[in-house]
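Note sheet for the following structure.
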Protein chains: 4
Amino acid sequence: MSPRNIEKDLLMREERKKFILDSAVQVIATKGIGSTHMNDIAAAASISIGNLYHYFKSKDEIYAELLYMTQTDYGLFVTAASQMPGNAIDKLRYICSTWLSISTNWAFTILIQTARTTESIPLEIRNAVTERFTANLQPVAAIMKEGQESGHILDGEDPLELAFYFVSLIQGLTLQRAPGIEVRITPKTESIIRLFQVGFKK
Amino acid sequence: MSPRNIEKDLLMREERKKFILDSAVQVIATKGIGSTHMNDIAAAASISIGNLYHYFKSKDEIYAELLYMTQTDYGLFVTAASQMPGNAIDKLRYICSTWLSISTNWAFTILIQTARTTESIPLEIRNAVTERFTANLQPVAAIMKEGQESGHILDGEDPLELAFYFVSLIQGLTLQRAPGIEVRITPKTESIIRLFQVGFKK
Amino acid sequence: MSPRNIEKDLLMREERKKFILDSAVQVIATKGIGSTHMNDIAAAASISIGNLYHYFKSKDEIYAELLYMTQTDYGLFVTAASQMPGNAIDKLRYICSTWLSISTNWAFTILIQTARTTESIPLEIRNAVTERFTANLQPVAAIMKEGQESGHILDGEDPLELAFYFVSLIQGLTLQRAPGIEVRITPKTESIIRLFQVGFKK
Amino acid sequence: MSPRNIEKDLLMREERKKFILDSAVQVIATKGIGSTHMNDIAAAASISIGNLYHYFKSKDEIYAELLYMTQTDYGLFVTAASQMPGNAIDKLRYICSTWLSISTNWAFTILIQTARTTESIPLEIRNAVTERFTANLQPVAAIMKEGQESGHILDGEDPLELAFYFVSLIQGLTLQRAPGIEVRITPKTESIIRLFQVGFKK
DNA sequence: GATGAATGAGCCTTCATTCAT
DNA sequence: CATGAATGAAGGCTCATTCAT
């Protein structure tokens, strides 16, 4: 009744939503996107299907928020990396090793790719995804630029372009780690970094 | 007995199957995998749904053959590249520019990734895909090794590992070219090659 | 937590299932088994097709439960008959007249026979049906034995064998009463009983 | 070209049709009616589906002719039995033992019952089946009458009614011999005959 | 809010029948 | 006549979404 309760309710609601989305990521990481249905998500969050619809209008909305959440989290992660102490190579190393070590990231990558290429998903959502993808390139580009200026990173290329390659490479590698895939080659952070590093090659 | 030419029939059948698969790739390239249904494929090949089932036992079989076909084609392509005249850099350049210029390759990439990560697809098929993926790495690895020996390509890494990075990078980039995606950065073959090239960086 | 009564829900669910199965028997009795589709059953139970699948996993499961239900009911009926007061002849008379008077019994008989001879039905189900059929022979065999001992029923045969004949005869007759069949001969309980009776023949 | 050829052609055609029907019975006896499709029949007769339609207009027609054929054959069999030398009991014994020993008869029985109870089969065909069923009762009824007059068979009942019971019993028993059914009771001709015999029971 | 039963459009697949060769 | 590719209506089943309690 009091404004305080309303505020608290809204907060609770947001927390619940976040919890549901987190649960959803877990199932998707296990079952794959195509095979994850609303009842799977409901079960993962230990709520009923009906109740799920109290928090999200539709599967598309879950999808959209999921994308927003994961991309935002990723953006925060990359931004933090760009601002940590150390030189550019250290920062890239941090991004690379952290990202590759999180075993469910493949789900995130496929989630995004699927979202962008699935016709049934509204163009609006898909555009937002691409928008964020591009935005998330900026912190990495900043690292690249910094590295070029300090002479650590390959010069002569557009930093944004380099960032694009770096992220694409990592995403490509991530896909090879989906469950059931047994590529016997393990990517090594050092080797990957070296591709972008200067002076290492004589 | 038969007023028909049996041999010719068999040939025709194979041709028809190939035609259907080619058509299927086209639709998938347009609509996305998840949204491509049997009637879409039938329509794309201008045949009836029922007839589709004369050539393929199930959607899964189409899937499997599609994967086999595209991966085999890709293997031939990479093998041919590895055997063309010129040095390793020339060969990588050829692979890279050719691959990135084919606009439907994103479909191929997603097709494969989805196949590998979709639970409902029989494990057998998924394993075959990974198997072929790994096998297709070999010709690229051969190029890398050749390049390392001739001093054109980054030394000190396992050639297979380098091939893995190269292919993952290109696949990652390919994904950004799916329909409806408008990343404003165009990958440039020269810049990509340079990542693996030696002596270009002082 | 739940505004609903869980126990009551479970009870309701069982009741609904029973209701659906009863409805299914009705349609089958009218349309024949081969021509009864899921939508017919759904319509008969006045529910949607989708909802039908909340109660039963598949058509086969409906089939199996239908068989279980009808055979169990039949078993109870025969057992009750074997335990009613009166001599063996009275009991057979009761079974025979009751059974022949129920107009939908032909459906039950064909249901069982079809189940046993339809390849597409899992062997497990078919074996269970035969198992129950054999078990249901026992109470009738008991009546036969009792009759033989009291001198009412034909001696010199295995009671179980006699039961087998009795039941087969009644089943055979039941088949002649399917809808659309107009055999102009009406089976008479007394005449049928007489076949197994002693002393009636000089 | 000559009338002779035309005649011969017609004869050939009839022979082919008979061959196809015989083949059809074989498949049905193995696969069950519901699971026997046009291509199964075509394959069993070693002809193409298309060619099958040169001999029969539709599946229903095959069905109808199959029923006609089997019922006619049965009629001839029963008529022959009624006219063979020996007393009524001998004749019944012959019918019973012969019928029960033919292992595919269950298919015949189910074929007829299914035909009569399947809505999709035209009423006309179904009526014809019942008509023939009734007609085929006559020779058996004649045997019964003869037996009553000679004092071998139960008196006091309508011979036709007795025939009805006899045939129903045998049909009912036949059903228990379908493939995959393992009722551990073997019907014995002598015991069955005894049910209708006089003087055996004191 | 919470629950899960109910709905129905739509997907994959089958199969009797037709038709071009 | 012979063949089997082609057709398409219809059946079984799934699953996002709604609704009564």
Side-chain angles (χ1 to χ4, degrees), chain A residues 9 12-13 16 35-43 46-63 120, chain B residues 1-6 8-10 12-13 16 35-42 45-62 120, chain C residues 1-6 8-10 12-13 16 35-42 45-62 120, chain D residues 9 12-13 16 35-42 46-62 120:
Chain A
D9 279 6
M12 282 272 294
R13 186 183 163 82
R16 296 285 268 149
S35 315
T36 300
H37 310 298
M38 291 301 264
N39 56 356
D40 294 315
I41 297 175
S46 301
I47 61 173
S48 69
I49 290 185
N51 202 12
L52 191 54
Y53 277 85
H54 274 276
Y55 292 101
F56 301 96
K57 261 206 304 288
S58 67
K59 198 185 186 185
D60 270 359
E61 190 177 307
I62 291 188
Y63 225 79
S120 70
Chain B
M1 272 257 180
S2 165
R4 289 207 192 146
N5 186 331
I6 291 181
K8 201 180 149 198
D9 274 13
L10 276 176
M12 284 267 297
R13 188 184 163 81
R16 297 288 271 147
S35 317
T36 299
H37 308 299
M38 289 304 261
N39 56 359
D40 295 316
I41 296 176
S46 301
I47 61 174
S48 69
I49 289 184
N51 200 17
L52 197 53
Y53 280 85
H54 270 269
Y55 293 100
F56 302 96
K57 265 205 295 290
S58 67
K59 199 183 185 186
D60 268 1
E61 189 177 307
I62 291 188
S120 67
Chain C
M1 269 250 183
S2 164
R4 288 206 194 149
N5 186 331
I6 292 183
K8 199 180 151 199
D9 274 12
L10 275 176
M12 283 267 297
R13 188 183 163 82
R16 295 291 269 147
S35 316
T36 300
H37 308 298
M38 289 304 261
N39 55 1
D40 294 317
I41 296 175
S46 301
I47 62 174
S48 69
I49 288 184
N51 200 17
L52 196 52
Y53 281 86
H54 270 270
Y55 292 100
F56 302 94
K57 264 206 296 291
S58 66
K59 198 183 183 184
D60 267 2
E61 190 176 307
I62 291 189
S120 67
Chain D
D9 280 6
M12 283 271 295
R13 188 183 162 83
R16 297 285 267 148
S35 314
T36 300
H37 310 298
M38 290 302 264
N39 55 357
D40 293 315
I41 296 175
S46 300
I47 62 173
S48 69
I49 290 184
N51 202 13
L52 192 53
Y53 277 85
H54 274 276
Y55 292 101
F56 301 96
K57 264 207 301 290
S58 69
K59 199 185 185 186
D60 271 359
E61 189 177 308
I62 291 187
S120 69

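Heavy-atom basis, side chains included; hydrogens, waters and symmetry copies ignored. Letters A, B, ... are given to chains in the order of the sequence lines, protein chains preceding strands, and every chain is numbered from 1.
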### Below 4.0 Å: OP1/OP2 of E:dA6 and any side-chain N or O of C:Y55
yes
### Query
Tell me: CD1 of A:I47 to P of E:dT3, nearest whole Å?
8 Å
### Query
For DNA chain F, which ranges pair as stems of 3 or more consecutive Watson-Crick or G-U pairs, with both donor-acceptor distances under 3.5 Å?
E:2-21 with F:2-21
### Query
How far apart are the C-alpha atoms of B:I41 and B:K59, what are their side-chain angles, what is the distance that settles it, and do they pass the side-chain contact (heavy atoms from CB on, under 4.5 Å) test?
CA-CA 10 Å; B:I41 296 176; B:K59 199 183 185 186; 5.5 Å; no
### Query
How would you list, by chain and number, every residue that makes a side chain to side chain contact (heavy atoms under 4.5 Å, CB included) with A:H37, sequence neighbours excluded?
A:N39, A:D40
### Query
At under 4.0 Å between heavy atoms, what does D:F56 touch on the DNA or RNA strands: base, sugar-phosphate, or nothing?
nothing
#### Entry: side chain to side chain contact (heavy atoms under 4.5 Å, CB included) involving A:S58 - partner list, sequence neighbours excluded
A:D60, A:E61
### Query
Among E:dA2, F:dA6, E:dA6, which nucleotide sits nearest the side chain of C:R16?
E:dA6
### Query
Does B:R13 put a side-chain nitrogen or oxygen below 4.0 Å from OP1 or OP2 of F:dG4?
no
## Note on the structure
Rounding to 0.5 Å, atoms OH (D:Y53) and CD1 (D:I47) come to a distance of 11.0 Å
### Query
Who are the side chain to side chain contact (heavy atoms under 4.5 Å, CB included) partners of C:Y55, not counting sequence neighbours?
C:R13, C:R16, C:K17, C:I20, C:N51
### Query
Taking atom C1' of E:dA5 as reference, at what distance in whole Å does atom CE of C:M12 sit?
9 Å
### Message
Output one letter per nucleotide in nucleotides 10-17 of chain F: B when a protein non-hydrogen atom lies under 4.0 Å from the base, S when only the sugar-phosphate is that close, - when neither is.
### Response
-SSBBBSB
